[in-house]
Amino acid sequence: MTDFARIVFAKKGEKPAGALVLLAGPDAVLGPQARALGLDDLVRRAAELREFTGKARSTLELITSAGAGVTRVILVGTGDPAAIGDNDWTTFGGAAMGAIGNASSATVFFERPDGRRAPRHAAADFALGMKLRAYEFDQYKPSKDDNGNRRKKPADIAIVVSDVAGARSAWVSRAALAEGVLLARDLVNEPPNMLGPVEFADR
């Protein structure tokens with residue numbers, strides 16, 4: 001199976017590493033944990049310059065020294081927090097993964113921009129969106145491309161949440177769903193000379 005996101009849930013207080021993902025509401029408003037980083041002024045200026053309004057699923061990338069080990073900061077817009085529905089968390093996760101790109105590691109500060117407590121399943125749904133967006137079928141690609149660069153490797157992603165146990169519990173069913181979807185994608189992408197009816201049945 002082609003899986004390019006290794007996801008874990010971490011408790012608040014963990015030091016971020018790699019690309020740092022923050023959820024942003026209207027006018028690039030950040031949640032309390034993100035505001036504690038002291039990035040408000042930088043985020044506000046960058047948002048004005050790039051006309052980032054926090055629209056749902058929009059993204060903005062900042063190069064900043066947000067802390068030791070952080071390579072860049074990625075804002076993912078949520079739109080009006082009061083209008084966030086259960087299905088939106090998955091699409092936010094997909095948008096975040098798309099913005100992360102080829103980063104080898106990332107930390108997500110998972111919190112609502114308005115500071116309200118998110119449902120315990122929301123972080124798991126966000127992780128599901130990341131998992132599905134990270135998919136790439138590279139079964140028959142060489143280990144290196146024409147430029148000598150190594151093939152894409154899975155990214156290590158830590159999602160920082162207030163309720164780690166709740167997120168992990170909710171993730172069990174989402175992980176099974178992701179595994180099924182990725183397997184189906186692999187089967188669809190296999191060329192017919194490699195996956196005939198017999199091979200399909202075996203898989």
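All residue numbers in this chain count up from 1 along the given sequence.
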Contact check, side chains of Phe200 and Leu187, non-hydrogen atoms, under 4.5 Å: yes

Hydrophobic cluster membership, with links at side-chain heavy-atom distances under 4.5 Å among I/L/V/M/F/W/Y: are Val29 and Leu49 in one? no

So do the side chains of Leu20 and Leu37 get within less than 4.5 Å of each other, counting heavy atoms only? yes

On a heavy-atom basis, the closest approach of Glu111 and Leu23 is O-CD1, 3.4 Å

Ring centres under 6.0 Å, that's the criterion: do Tyr135 and Phe4 meet it? no

CA sep, side-chain torsions, deciding dist, call: Leu22, Val43, side-chain contact (heavy atoms from CB on, under 4.5 Å): CA-CA 11 Å; Leu22 307 174; Val43 167; 5.6 Å; no

Can you tell if the side chain of Asp41 reaches within under 4.5 Å of the side chain of Arg44, non-hydrogen atoms only? yes

Any Asp186 side-chain heavy atom under 4.5 Å of Phe137 side chain: yes

Quick check: closest heavy atoms across Ala17 and Thr107, and the distance to 0.1 Å? N-OG1, 2.9 Å

Would you mind checking if Glu190 and Arg203 are paired as a salt bridge, meaning a charged N to carboxylate O distance below 4.0 Å? yes

Transitively linked via ILVMFWY side-chain contacts under 4.5 Å: Leu75 with Leu42? yes

Test of understanding: clusters of I, L, V, M, F, W, Y form through side-chain heavy atoms closer than 4.5 Å, transitively. Do Val8 and Val160 belong to the same one? no

Looking only at heavy atoms, which two atoms of Glu199 and Met194 are closest? And how far apart? CG-O, 3.8 Å

Atom of Trp89, atom of Ala118 and distance for their closest heavy-atom approach: CZ2-CB, 4.3 Å

Met130 versus Gly93, closest heavy-atom pair with distance: CG-O, 3.3 Å

For Ala124 against Ala167, the heavy-atom pair lying closest together: CB-O, 4.0 Å

Apply side-chain contact (heavy atoms from CB on, under 4.5 Å) to residues Val161 and Arg120 and explain how you reach the verdict. CA-CA 9 Å; Val161 295; Arg120 62 170 10 191; over 6 Å; no

Would Ile84 and Ile159 show up in the same hydrophobic cluster when neighbours are defined by side-chain heavy atoms closer than 4.5 Å? yes

Take atom CG in Asn87; do more than 12 heavy atoms of anything else shown fall under 6.0 Å from it? no

Asp163 and side chain to side chain contact (heavy atoms under 4.5 Å, CB included): which partner among Arg168, Arg117, Lys12? Arg117

